[in-house]
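See structure below.
What's counted below: heavy atoms across the whole structure, side chains too, no hydrogens, waters or symmetry copies. Note that the coordinates shown come from a computational prediction; the quantities given were computed from them, not determined experimentally. Numbers restart at 1 for each chain; the letters A, B, ... are given by sequence-line order, proteins then strands.
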Number of protein chains: 2
Amino acid sequence: MFSKSTEYALRATIYIAQKSSEEHKVGLAEISAAIDSPPSFTAKILQALRKDNKIIRSVPGPNGGFYITEKAKNLPVHAILKVMGEDDVLNKCVLGLDKCSEAKPCPMHSEYKFIKAQLLELFDRKTILDLENDIKTGEVFIKNSRKK
Amino acid sequence: MFSKSTEYALRATIYIAQKSSEEHKVGLAEISAAIDSPPSFTAKILQALRKDNKIIRSVPGPNGGFYITEKAKNLPVHAILKVMGEDDVLNKCVLGLDKCSEAKPCPMHSEYKFIKAQLLELFDRKTILDLENDIKTGEVFIKNSRKK
DNA sequence: TCAAAAAAAGATATGGGACTCCTTAATGGG
DNA sequence: CCCATTAAGGAGTCCCATATCTTTTTTTGA
């Protein structure tokens, strides 16, 4: 559904939410190990998220790293998707028509719109904090198995 | 949601269903004009669909072209997606985890699975014939506006 | 049987996503 | 103030989806 970049962004943000605070930051190496993502590439993605200045923050130097404020944890997953430029993915027509709309629908539109609405609702409702809490229950995970 | 190739495949198939029969075939030029897709690229995609030997058929030479049998029109949209290799797209984890499952879910899994199920149901239920009929009511279209 | 028509096949760009590496800047500890 | 640490930034690689162009093969109709 989403690009690799976005997948890493989501997993990394959840991990940072889970493990960091303003006092205790997490480093790139730990993050990419925890979510099993390529470190250098993850760095680029975290840079992008950081520049947005809304979701994650970072500090260089010893004991530096990434963190996320309690306030930012209340942001919906949709905020991450927006930064990663996935907004259009969710609004796109199944058949790829630019002008597909309620007024000029494609043959899939009338049925797909209800499903799309649920997707949008889910990503708007679910916050970073929600996902972090799910992890803490231990019933849920964000680490990929190492590829062979 | 899907690749350009798949979008063209869907639109082209619907157009062929709408305009062709075993007696009256439609040519590549007409198809790509009707759905506004690059002709040469569309040719490749139709080749792939054709090779599958289930959905569309073709005949070269004068008055040749592409067509689809009445029987094949009863195939679900999912059949096209399968040929285009989009099967994994629909089964993929939102966070990109290989092992995400009911037993080992990601934090989005429990809510996303219901939406995913609806998507799968829609693509399994909706047939090519259904889409063709929607077009015939005239309330629906498959042609993109020409890009400037 | 020949020529035209149309799809099939092959060869070749091109742009962007995915990723790596190297250098630079910022920070904190000794 | 210097050095180790860590993120930021820049440049470049690789591959695949997208797309085009050309040549070959198949078929039909005259």
Side-chain angles (χ1 to χ4, degrees), chain A residues 1-13 16 19-20 22-33 35-53 55-68 83-86 88-89 96 144 147, chain B residues 1-12 16 19-20 22-33 35-53 55-68 83-86 88-89 92 96 144 147:
Chain A
M1 165 172 286
F2 299 121
S3 65
K4 289 253 180 215
S5 300
T6 299
E7 292 172 357
Y8 296 147
L10 291 168
R11 304 221 298 275
T13 302
I16 295 167
K19 293 286 175 122
S20 81
E22 196 149 356
E23 299 78 44
H24 181 78
K25 304 168 190 79
V26 278
L28 173 66
E30 180 182 340
I31 295 167
S32 57
I35 67 173
D36 192 40
S37 66
S40 298
F41 190 45
T42 307
K44 294 293 177 202
I45 294 158
L46 292 177
Q47 265 180 52
L49 285 175
R50 205 279 198 206
K51 274 190 188 166
D52 178 61
N53 248 333
I55 306 171
I56 65 170
R57 295 170 188 275
S58 70
V59 174
N63 295 313
F66 299 88
Y67 66 100
I68 182 168
V83 179
M84 299 306 292
E86 300 274 13
D88 55 332
V89 172
N144 240 337
K147 312 221 172 46
Chain B
M1 165 170 285
F2 299 122
S3 66
K4 290 247 179 218
S5 300
T6 299
E7 291 171 359
Y8 296 148
L10 291 167
R11 304 219 300 273
I16 294 167
K19 292 288 176 120
S20 81
E22 194 149 358
E23 299 79 42
H24 180 76
K25 303 166 191 81
V26 278
L28 172 66
E30 181 183 338
I31 295 166
S32 56
I35 67 172
D36 191 39
S37 66
S40 299
F41 190 47
T42 307
K44 294 291 176 208
I45 293 159
L46 291 177
Q47 266 180 50
L49 283 176
R50 206 278 198 207
K51 274 190 187 166
D52 178 61
N53 249 334
I55 305 171
I56 65 170
R57 295 170 188 275
S58 69
V59 175
N63 294 317
F66 298 88
Y67 67 100
I68 182 167
V83 179
M84 299 305 293
E86 300 274 14
D88 56 332
V89 173
K92 224 180 128 192
N144 238 339
K147 308 215 176 53

Residue [X], side-chain heavy atoms: nucleotide from [options] that is nearest:
X     : options                : value
A:F66 : C:dA9, D:dA8, C:dT27   : D:dA8
A:K4  : C:dT27, D:dT28, C:dC19 : C:dC19
A:R50 : D:dA8, D:dT27, C:dA8   : D:dA8

### Query
Does the distance from a Lys or Arg side-chain N to an Asp or Glu carboxylate O, for B:K92 and A:E7, drop under 4.0 Å?
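Answer for the salt bridge query: yes.
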### Query
Taking atom P of C:dA5 as reference, at what distance in whole Å does atom CD of B:E30 sit?
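Going from CD in B:E30 over to P in C:dA5 covers 17 Å.
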### Query
Base, sugar-phosphate, or nothing: which does B:L28 touch, judged by heavy atoms less than 4.0 Å apart?
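Sugar-phosphate contact only - B:L28 comes under 4.0 Å of backbone atoms but never of a base.
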### Task
Please state whether the base of C:dA7 and the side chain of B:Q47 form at least one donor-acceptor pair under 3.5 Å?
no
### Message
Below 4.0 angstrom, which residues in residues 38-45 of chain B have at least one non-hydrogen atom near DNA chain C?
### Response
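Those residues whose heavy atoms fall under 4.0 Å from DNA chain C, taken from residues 38-45 of chain B in numerical order, are B:K44.
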### Query
Should A:V59 and A:K25 be marked as a side-chain contact (heavy atoms from CB on, under 4.5 Å) after you check the CA-CA gap, both sets of side-chain angles, and the distance that decides it?
CA-CA 8 Å; A:V59 174; A:K25 304 168 190 79; 3.7 Å; yes
### Query
Can you tell if the side chain of B:I55 reaches within under 4.5 Å of the side chain of B:D52, non-hydrogen atoms only?
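Side chain of B:I55 against side chain of B:D52, heavy atoms only: contact under 4.5 Å found.
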### Summary
In terms of heavy-atom contacts, B:I16 and B:F66 come closest through CD1-CB, 3.8 Å
Identify each donor-acceptor pair in which a side-chain atom of residues 39-49 of chain B lies under 3.5 Å from a protein atom, sequence neighbours left out, and give them as a table.
residue	atom	partner	partner atom	Å
B:T42	OG1	B:S37	OG	2.6
B:T42	OG1	B:P38	O	2.6

### Query
Does a nitrogen or oxygen in the side chain of B:S5 sit under 4.0 Å from OP1 or OP2 of D:dT18?
yes
